[in-house]
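Below is one structure, written out as structure tokens; the observations come after it.
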Protein chains: 2
Amino acid sequence: MNDAVEGDGPHKGSASLSSSQQDYLKQIFLLNDTARGATTQLLAERIGVRPASVTGMLKRLAEEGLVERAPYRAVHLTETGRRIAVEIVRHHRLLEAFLSQTLGYRWDEVHEEAEALEHVISERFEQKVAELLADPDRDPHGDPIPTRELALEEDQHLRTLALLPKGSRGTIRRVTLQDQDALNLVERLDLLPGRTIEVAGTHPDGISLLAAGSRFLVPALLAAHLLVDVAPHPSSAPPKKREGAGRPVAHEQ
Amino acid sequence: MNDAVEGDGPHKGSASLSSSQQDYLKQIFLLNDTARGATTQLLAERIGVRPASVTGMLKRLAEEGLVERAPYRAVHLTETGRRIAVEIVRHHRLLEAFLSQTLGYRWDEVHEEAEALEHVISERFEQKVAELLADPDRDPHGDPIPTRELALEEDQHLRTLALLPKGSRGTIRRVTLQDQDALNLVERLDLLPGRTIEVAGTHPDGISLLAAGSRFLVPALLAAHLLVDVAPHPSSAPPKKREGAGRPVAHEQ
DNA sequence: AAAAAAAGTTAGCCGATCCTAATCGAGCTC
DNA sequence: GAGCTCGATTAGGATCGGCTAACTTTTTTT
Ligand SMILES: [Mn+2]
Ligand SMILES: [Mn+2]
Ligand SMILES: [Mn+2]
Ligand SMILES: [Mn+2]
């Protein structure tokens, strides 16, 4: 069977690739600026297949000039591959914003639907949605939406909550999680993008937080995935030395 | 590869079938209340595959209890198969209404996009769109949208423009075409659903029409696909004997 | 009713994507 | 630096949904 959508256009657009290929490219892209890089195993986990399948697909993608790889090494995207990957990330995040804002999806419901739709919508759909939402630059999780020209803003000033010293204050801007349970917890704790918080203390198993008057513990695993826009520290509270393991933050979408 | 979406639920919902299987069921449904029925050849044409592929797929669908067939005969849907088919028709038409009304797609752009999206949206998406549009009962082509409970209104009072006698007046309600060129022509002639028309004369090669002041010829092939809500004939103009071949009207979606 | 035409089916094949089991290699441990 | 361990690859196979070519059945024509 040929899952690939028609339209083997001149520019090798994402439209000529199967959903599966698109997912591989997207995950390679998302893992690329991560500590370990896009390894066979991580890709297998993210995509939900066995490592052997990843090896097979990477070979095919390499043949098509979308990735560059050396056996036993992490893969990298070619420029063409990267363009397609970013295109899909744009679809995904734009769709999440759309589902949330226009269709009234709950915060934790958007991801799954976008995961399937991202491969199917046309450029026209993308365009119309972008218009309708007036070119949003963030999805509901705070992830930046690549522009129409596929430029992707980097969140250089954001810092992982897990690494903030006691006394830090700031605003949660991104939640880089996709696990349903984790998302539900974030919602129950009201730690959605926009929420202002203050670090009340650090512990080996998490971060004690002050937000909206109450104080509670954010598990370390969760804190590693909350990116905070740190407020310029008030002169009265000098920054403390940070602590906690610098576990790499893996983004989804 | 396994194209089928997960979710092998208890009720054998459409979600456990591949897009391909869904398209077969849909086309069988649409051809079923047609003169020739769902034959291998017609299915092959509609779906865009070779007849041999249709035979193969029908066997698989029969094994799964979705169709009943006897070799060399037209296929029929089982009750399960029908339910799934109608579900997909609902998705398709609801999506067309949505693309048109919410995203501002042009009349002739909606079909193709809906063709792909129909297999991918969740029940939640369907639900939210139906809410947003306040349960529309027609898509932009005038095709009835099955209800949430999958009831499908029949257009018994509508008649094919091709068969109307001279002097008939009425309102175009449905355009059962999907060919892009044909759709464009319909739009140029301004024969969209809602347009009031009067038959000025019948010819072997088409129907002469009075609409919005101007008079023009509608090719027979087109006229066969325009369904008209005929106005009660004014007492002064007695109905004439009809003429023209009773070519079966094949619907898409 | 025989022959021709059209429609449908079968057989054999292919490519895409997944799997398991077995093997191989890279990089850390001692 | 010899192993050991874990990650990666290869080999072989399954399934799905297409295709072509050849054959069979039905339908139409003569
Ligand atoms: Mn996806
Ligand atoms: Mn997101
Ligand atoms: Mn379809
Ligand atoms: Mn329609």
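In the text below, chain A, chain B and the rest are named by the order of the sequence lines, each starting its count at 1.
- Proximity note for B:Y72 (side chain, C-beta onward) versus C:dG8, D:dG18, C:dT17: the nearest is C:dG8.
- Considering only side-chain atoms of B:S20, the nucleotide from D:dG18, C:dA26, D:dT9 that sits closest is D:dG18.
- Here D:dT9 presents its C1' atom at 16 Å from CG of A:L61, a figure rounded to the nearest Å.
- Atom pair A:E45:CD and D:dG7:C1' shows a separation of 12 Å (rounding to whole Å applied).
- The aromatic rings of A:F125 and B:F98 sit tilted relative to each other, their planes meeting at an angle between 30° and 60°.
- In this model, the phosphate group of C:dT9 is not approached by any side-chain N or O of B:K59 to a distance below 4.0 Å at OP1 or OP2.
- In this structure, CD in B:E113 is found 3.5 Å from OH in B:Y105, a value given to the nearest 0.5 Å.
- Contact annotation: A:T39 side-chain N/O to D:dG7 OP1/OP2 distance is not under 4.0 Å.
- The distance from atom CG of A:L58 to atom C1' of D:dT10 is 14 Å, rounded to the nearest whole Å.
- Taking atom CZ of residue B:R50 and atom C1' of nucleotide D:dA21, one finds them 12 Å apart after rounding to whole Å.
- Checking C:dT17, D:dC19, D:dT26 against every side-chain atom of A:R60, the shortest atom distance belongs to C:dT17.
- For D:dG18, one of the phosphate oxygens OP1 or OP2 lies less than 4.0 angstrom from a side-chain nitrogen or oxygen of B:Y24.
- Between A:M57 atom CE and C:dC19 atom C1' there is a gap of 14 Å when expressed in whole angstrom units.
- Looking at the side chain of B:A52, the nearest of the listed nucleotides D:dG18, C:dC18, C:dT10 is C:dT10.
- An OP1 or OP2 oxygen of C:dT10 is reached within less than 4.0 angstrom by no side-chain nitrogen or oxygen of B:T55.
- B:T40 comes within contact range of the sugar-phosphate backbone alone, with a heavy-atom separation under 4.0 Å but no base atom that close.
- Listed pair A:S53 / C:dC18 fails the phosphate criterion, with no side-chain N or O lying under 4.0 Å from OP1 or OP2.
- In the set C:dT17, D:dT9, C:dT9, C:dT9 carries the atom at the smallest distance from any side-chain atom of B:R69.
- For A:H92 and A:H111, the ring centers sit closer than 6.0 Å to each other.
- B:L31 has its CG atom 15 Å from the C1' atom of C:dA7, to the nearest Å.
- Under a 4.0 Å N-O distance rule, the pair B:E153/B:R138 qualifies as a salt bridge.
- Rounded to an integer number of Å, the gap from A:Q21 CD to C:dG15 P is 15 Å.
- Counting to the nearest Å, the C1' atom of C:dT9 and the CZ atom of B:R73 are 14 Å from each other.
- Residue B:Q41 places its side chain closer to C:dG8 than to any other of D:dG17, C:dC19, C:dG8.
- Ion pairing of B:K26 with B:E87 is absent here, as no side-chain N (NZ or NE/NH1/NH2) approaches a carboxylate O to less than 4.0 Å.
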